[in-house]
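Reading through the structure tokens given below for one structure.
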Amino acid sequence: MSTQTGSSKPAKITTQTVVEMKHRGEKISMLTAYDFTMAQIVDQAGIEIILVGDSASNVMAGHETTVPMTLDHMIYHTSCVVRGVDRALVIADLPFMSYQVTPKEALISAGRMMKEAGAHAVKLEGGKPIINTVKKIVDAGIPVMGHLGLTPQSIYKFGTYKVRAQEEEEADSLIADAKLLEEAGCFAIVLEKIPAKLAAIVTAEISIPTIGIGAGVDCDGQVLVIHDMLGMNKGFNPRFLRRYADIHSVMTGAIEQYIKDVKDKDFPNQDEQYGA
Ligand code: KIV
């Protein structure tokens with residue numbers, strides 16, 4: 001992927017760019033997006049990475065978990081996002097059961113995501129059990145981002161969305177998993193909902209970037225779900241979430257005003273309709 005076009009187009013962010021950012025000590029910003037318009041706004045604002053997360057299952061489709069998401073759903077959302085992006089690195093989640101059965105099936109899923117959706121990389125949840133799968137995908141030339149800590153596709157195994165790896169045994173195995181993912185060829189790892197001190201240790205012990213969500217300030221970068229950080233979901237209030245806007249109120253106000261204007265015959269006015 002070229003990084004400098006010589007035209008007025010911005011230099012594209014690549015997997016190498018984000019690894020170099022870690023080595024320069026420059027923090028990496030990542031947000032989710034699931035559709036063309038949102039992706040355009042996020043990209044033009046200057047984000048480095050857009051994640052087409054399987055959180056689309058929650059915020060776009062209204063499911064309670066990410067489990068129902070299919071590869072076809074994710075390919076659809078990713079292709080919409082890719083069409084809206086000029087600069088950011090677009091990473092797509094491989095959904096539950098599209099990579100867990102065999103490394104061969106995982107490679108076929110990752111290949112479809114790259115060829116049909118135009119993703120630049122894929123993200124997979126898990127450590128040791130998926131190492132051979134990660135190697136197979138990376139060996140085929142597809143960049144892989146790992147995901148450790150709270151891995152929502154395993155919600156029925158965990159039983160809860162609470163903070164992971166608070167006990168020494170789980171913390172040690174998370175550190176070991178991060179090293180295995182790095183050795184297998186991952187270019188970055190998401191650390192979700194783990195103690196900040198543990199995230200700092202992982203970040204110091206591997207040479208690829210860590211991107212945290214509920215994992216403290218020492219990660220090499222941060223990610224949030226766009227609907228959450230824009231204040232579109234009033235009911236979701238985890239400790240790690242900072243709201244940067246109250247879009248729920250802005251939208252509600254605009255819609256209420258529109259309804260009133262229609263009822264009052266104030267909309268459309270003379271300038272908003274066509275003559276004979
Ligand atoms: O699906 C998603 O949005 C994610 C992020 C929360 C990291 O995996």
Side-chain angles (χ1 to χ4, degrees), residues 18 27-35 38-39 42 47-71 73-78 80-81 88-100 109-110 113 117 119-127 130 134 143-155 158 161-165 174 177-178 181 186-194 199 202-203 208-216 219-230 232-233 236-243:
V18 293
K27 294 286 186 186
I28 301 158
S29 59
M30 170 161 140
L31 280 172
T32 66
Y34 318 95
D35 67 84
M38 196 69 98
V42 174
I47 206 85
E48 275 102 20
I49 305 178
I50 294 182
L51 172 68
V52 189
D54 59 0
S55 48
S57 183
N58 311 111
V59 297
M60 301 300 289
H63 293 295
E64 232 174 81
T65 74
T66 58
V67 169
M69 219 57 187
T70 68
L71 186 58
H73 292 146
M74 289 304 299
I75 287 173
Y76 169 73
H77 285 292
T78 305
C80 297
V81 166
L89 180 70
V90 178
I91 304 174
D93 265 339
L94 287 189
F96 184 58
M97 279 301 127
S98 70
Y99 62 93
Q100 286 92 343
S109 301
M113 192 57 87
H120 307 149
V122 295
K123 176 164 80 61
L124 277 62
E125 295 182 4
I130 62 154
V134 170
V144 175
M145 173 179 260
H147 184 153
L148 296 172
L150 176 65
T151 47
Q153 292 177 12
S154 306
I155 184 58
F158 296 148
Y161 287 103
K162 76 175 173 42
V163 180
R164 303 298 311 176
L174 190 144
D177 279 347
L181 287 172
C186 282
F187 72 92
I189 303 176
V190 164
L191 299 176
E192 180 163 354
K193 238 175 161 184
I194 62 170
V202 173
T203 302
I208 54 172
T210 58
I211 310 290
I213 174 163
C219 293
D220 297 304
Q222 299 292 328
V223 57
L224 286 173
V225 169
I226 187 101
H227 292 65
D228 301 340
M229 62 84 73
L230 289 179
M232 296 174 94
N233 303 329
F236 184 60
N237 294 298
R239 180 189 171 115
F240 67 77
L241 176 61
R242 185 181 295 181
R243 287 214 170 83

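Here, residue 1 is the first one in the sequence, and each next residue gets the next number. Just follow the structure's listing: the first ligand is 1, and inside any ligand the first atom is 1. Keep in mind it's a predicted model, so treat the numbers as computed, not measured.
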Under the criterion side-chain contact (heavy atoms from CB on, under 4.5 Å), I'd like the reasoning laid out for I189 against L148: C-alpha separation, chi angles, the key distance, then a yes or no.
CA-CA 7 Å; I189 303 176; L148 296 172; 4.1 Å; yes
Between the main-chain N or O of M38 and the side-chain N or O of D35, is there a donor-acceptor pair closer than 3.5 Å?
yes
Where do L224 and F240 land on the side-chain contact (heavy atoms from CB on, under 4.5 Å) test, with the steps shown first?
CA-CA 9 Å; L224 286 173; F240 67 77; 3.9 Å; yes
Could you walk me through whether M30 and M145 satisfy the side-chain contact (heavy atoms from CB on, under 4.5 Å) test, starting with their C-alpha distance in whole Å, then the side-chain angles of each, then the deciding distance to 0.1 Å, before giving a yes or no?
CA-CA 13 Å; M30 170 161 140; M145 173 179 260; 4.0 Å; yes
Distance dump, ligand 1 polar atoms to protein, N/O, under 3.5 Å:
residue: ligand 1; atom: 1 (O); partner: D54; partner atom: N; Å: 3.2
residue: ligand 1; atom: 1 (O); partner: D54; partner atom: OD1; Å: 3.1
residue: ligand 1; atom: 1 (O); partner: S55; partner atom: N; Å: 3.0
residue: ligand 1; atom: 1 (O); partner: S55; partner atom: OG; Å: 3.3
residue: ligand 1; atom: 1 (O); partner: D93; partner atom: OD2; Å: 3.1
residue: ligand 1; atom: 3 (O); partner: S55; partner atom: OG; Å: 2.5
residue: ligand 1; atom: 8 (O); partner: K123; partner atom: NZ; Å: 2.9

Tabulate below the donor-acceptor pairs under 3.5 Å that side-chain atoms of residues 47-62 make, not counting sequence neighbours, or state none.
residue: E48; atom: OE1; partner: S29; partner atom: N; Å: 2.8
residue: E48; atom: OE1; partner: S29; partner atom: OG; Å: 2.8
residue: D54; atom: OD2; partner: Q153; partner atom: NE2; Å: 2.7
residue: S55; atom: OG; partner: Y34; partner atom: OH; Å: 2.7
residue: S57; atom: OG; partner: T65; partner atom: O; Å: 2.7
residue: N58; atom: ND2; partner: H63; partner atom: O; Å: 3.2
residue: N58; atom: ND2; partner: E64; partner atom: O; Å: 3.2

Can you check side-chain contact (heavy atoms from CB on, under 4.5 Å) on L191 and L174, steps first, answer last?
CA-CA 10 Å; L191 299 176; L174 190 144; 4.3 Å; yes
